[in-house]
Amino acid sequence: MNRIDLKFKELRAVGKKAFIAFITAGDPDLETTEALVLAFEKAGADIVELGVPFSDPQADGPTIQAASFRSIQKGTTLVKILKTVKKIRERSSIPIALMTYYNPVFHFGDRKFVEQAKAAGVDGVIIPDLPVEEASELCRYALAADLSTIFFLAPTTSDDRMKVAVNAATGFIYYVSVAGVTGSKAVVPSEIAIKIRTARRLSDKPICVGFGVSTPEQVHALAAIADGVIVGSAIVKEIEKHAGAKDLVDQVSAFVKKLSQAI
Amino acid sequence: MKLPDKLGHYGQFGGRFVPETLMNLLLDLEKEFAGVAKDAAFKKEFAFYLKEYAGRPTNLYLAERLSKQLKTLKVYLKREDLLHTGAHKVNNTLGQILVARRMGKKRIIAETGAGQHGVATATVCALFGLKCVVYMGAEDVKRQALNVVRMRLMGAEVIPVESGTKTLKDAMNEAIRDWVTNVKDTYYLIGTVAGPHPYPLMVREFQKVIGEEARKQILIKEKKLPDYVLACVGGGSNAMGIFHPFYNDKRVNLIGVEAAGHGLHTQAHSAALCKGQTGVLHGTKSNLLQDADGQVMNAHSIAAGLDYPGVGPEHAYYKESGRAEYVAITDDEAIAGLKMLAKVEGIIPALESSHAIAYLQKLARRVKGRKTVIVCLSGRGDKDMETIRDIL
């Protein structure tokens, strides 16, 4: 059991849901990323997703595209992000998942990526452009290293494919609330509830909802039907808003606190 | 061996690397395409439009003066430049629009670099009365202003893409984002043999008419197969279209000509096969220009249609297996090729096709005796006259 599994076990034992915060690593810089993760833990986040920036983020809306671009301009690389995770691990055991696209991982090497991520203290990996069918090699290494491979379900996923994705996922299942990119328009909880019920019949793995969630009210509503709620673009927008400010970390973690308290 | 396999792989290349939201749609499209590939009524309809609307078959023209000048080569030009809209792109857009109609899709989206695929898409959307949205990098909107006018005249909405490098790859990112968002009613009409399975297969099947015709025509004219087949390669659709029907003719040498831009020793080129490494972009695994961290690099070519950091996965497979050879021609060499063909034959090729023409001079020095070569003249140069005027 890695930190993600332990976290859901612990939350389930007391009937709680997970609040998951996403930020793009290296935006505005990796020192701030480190400070933000530590502050998010204090603000009540249960799991953190760190975005590894990619030049062509097809699944992302304008907010995360811009953050990825800024981060790459700053010289952020996968290796530097792993070093940052290592530093965070000296002071925190908050579960951390890396979210990226497949090319940076493939280029680094599936095996090397799994080994070095695990060694740095990463607990899971989320790759939106890597469906189960193309992930067998990465999954093999990840399974052996107890690194969670988090796969997606979408509103368009058929029941047949749902089985495949649910079986392959470890850690948790990421339910994409809307057909769209990150930061899309608001979600409709009633439609999501139906899909989650179908997935529940197949597995008791935790199911977390993300894409298009930006307010404490939405977090509250979705927590009622899922095991966890993920907020990304709204937090990245806060970082952008407070860029250059001395109290950036305080401001952003105050926002995260509001979200996590809504769970 | 029949390629691709069930999951769309050509050896280690190809596949489907897309967000989950698109997976079901791709599976539907795959099923639909497998159906039409066997459907006589579809084939008849496609053949009708290729002949009556696009102007097929295109001529295989013996370029006598050019051959005389090159001495060691007898050059035939496959005249795709004579097609309606001025390039081979319309073969594919006609095929895909018929598929989209059968799937009941009402809204068509496309990406475009030089604007040729955008024009070919706008054309078939006008022909069938479908809504058309074309994503085009803001840089390319400026560079190819006349093609923007053409698309708008035919009723297409052209959306300039301001993200990233503001060129073809960013237009493709934006088209994919639109598709993910409007997955139910929208059909993404990809212009080349790239993208997730089944696109590389489907585009090849719609473009292979080029090679099928050329093979028949050369057998009539020469009573034998050619020694060489040449085509330019950006994404690689005209090249795959002419190469594929010769795949099993092992004695026919296939040569793909990439864009060397300012030179392969610089970073300003588009030679994904000559200089790239295996990578994943826009839904497929293929050769890719990328940096040490796996970030996609900017491509460069004077020919906007070749200005792309990736290439179709089947070309990566042809290269790895040795079935085809890939070489590169610089911007300057391509311009010289364009001028040569204009002067010697009275044919002005597109800057893209000029890369293949330019390679003829190198090939002429390489061969012994007299060899027969077919060059795919994928498009005409009208669209490039502004660029050429600025250089002359």
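Quick note on labels: first sequence line is chain A, next is B, and so on, each numbered from 1. Only heavy atoms go into these numbers, but all of them, side chains included; no hydrogens, no water, no symmetry mates.
- Comparing B:Thr165, B:Ile176, B:Asp170 by how many heavy-atom pairs each has under 4.5 Å with chain A, the most go to B:Ile176.
- Ion pairing between a basic and an acidic side chain is recognised when a charged N comes within 4.0 Å of a carboxylate O; B:Lys285 and A:Glu134 show no such pairing.
- The neighbour count for A:Arg111 CZ, taken as heavy atoms of other residues, nucleotides or ligands under 6.0 Å away, does not exceed 12.
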Expected list for residues 167-174 of chain A: side-chain donor-acceptor pairs under 3.5 angstrom, two or more places apart:
unit_1, atom_1, unit_2, atom_2, d
A:Asn167, ND2, A:Lys163, O, 3.2
A:Thr170, OG1, A:Thr149, N, 2.7
A:Thr170, OG1, A:Thr149, OG1, 3.4

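- Looking only at side-chain heavy atoms (C-beta outward), A:Pro57 and B:Arg177 come within less than 4.5 Å of each other.
- The closest side-chain heavy-atom distance from A:Met162 to B:Glu20 is not below 4.5 Å.
- Highest contact tally toward chain B, considering only A:Val176, A:Thr157, A:Leu78, is held by A:Thr157 [criterion: heavy-atom pairs under 4.5 Å].
- Using a 4.5 Å cut-off between heavy atoms, B:Thr278 contacts chain A through both its backbone and its side chain.
- In this structure, OG in A:Ser55 is found 9.0 Å from CD in B:Gln290, a value given to the nearest 0.5 Å.
- Both the backbone and the side chain of A:Pro104 have a heavy atom closer than 4.5 Å to some heavy atom of chain B.
- The NE2 atom of B:His282 sits 11.0 Å away from atom CG of A:Asn103, with the distance rounded to the nearest 0.5 Å.
- Considering every non-hydrogen atom in both B:Asp291 and A:His107, the closest pair reads O-NE2, 3.4 Å.
- Contact of A:Phe152 with chain B is made through backbone and side chain together, with heavy-atom distances under 4.5 Å.
- Interatomic distance, CZ of B:Arg16 versus CG of A:Asp129, reported as 14.0 Å (0.5 Å rounding).
- Comparing B:Val18, B:Leu22, B:Asp293, B:Leu288 by how many heavy-atom pairs each has under 4.5 Å with chain A, the most go to B:Val18.
- Considering only heavy atoms from C-beta on, B:Met23 comes within 4.5 Å of A:Arg161 through its side chain.
- Environment of NZ in A:Lys237: sparse, with no more than 12 heavy atoms of neighbouring residues, nucleotides or ligands closer than 6.0 Å.
- Counting only heavy atoms from C-beta outward, the side chains of B:Val296 and A:Phe54 approach each other to under 4.5 Å.
- Within residues 181-194 of chain B, the residues approaching chain A closer than 4.5 Å by heavy atoms are, in numerical order, B:Thr181, B:Val183.
- By the neighbour-count criterion of 12 heavy atoms within 6.0 Å, atom CD of B:Gln267 is sparsely surrounded, having that number or fewer from other residues, nucleotides or ligands.
- Environment of OH in A:Tyr141: crowded, with over 12 heavy atoms of neighbouring residues, nucleotides or ligands closer than 6.0 Å.
- Contacts between B:Ala292 and chain A at a heavy-atom distance below 4.5 Å involve the backbone alone (N, CA, C, O).
- No side-chain donor-acceptor contact under 3.5 Å links A:Gln58 to the backbone of B:Leu281.
- For a residue to count as touching a neighbouring chain, one of its non-hydrogen atoms must lie under 4.5 Å from one of that chain's; by this rule A:Leu153 touches chain B with the backbone only.
- Annotation: the span from B:Ser163 atom OG to A:Asp60 atom CG amounts to 11.5 Å, rounded to 0.5 Å.
- When atom types are taken as modelled, the side chain of A:Thr156 and the backbone of B:Thr21 share a donor-acceptor pair closer than 3.5 angstrom.
- The candidate with the highest count of non-hydrogen atom pairs below 4.5 Å against chain B, out of A:Val181, A:Leu130, A:Asp160, is A:Val181.
- Residues A:Pro131 and B:Phe17 approach most closely at CD-CA, 4.1 Å, considering heavy atoms.
- Of the atoms belonging to B:Leu27, it is side-chain heavy atoms, and not backbone ones, that fall under 4.5 Å from chain A.
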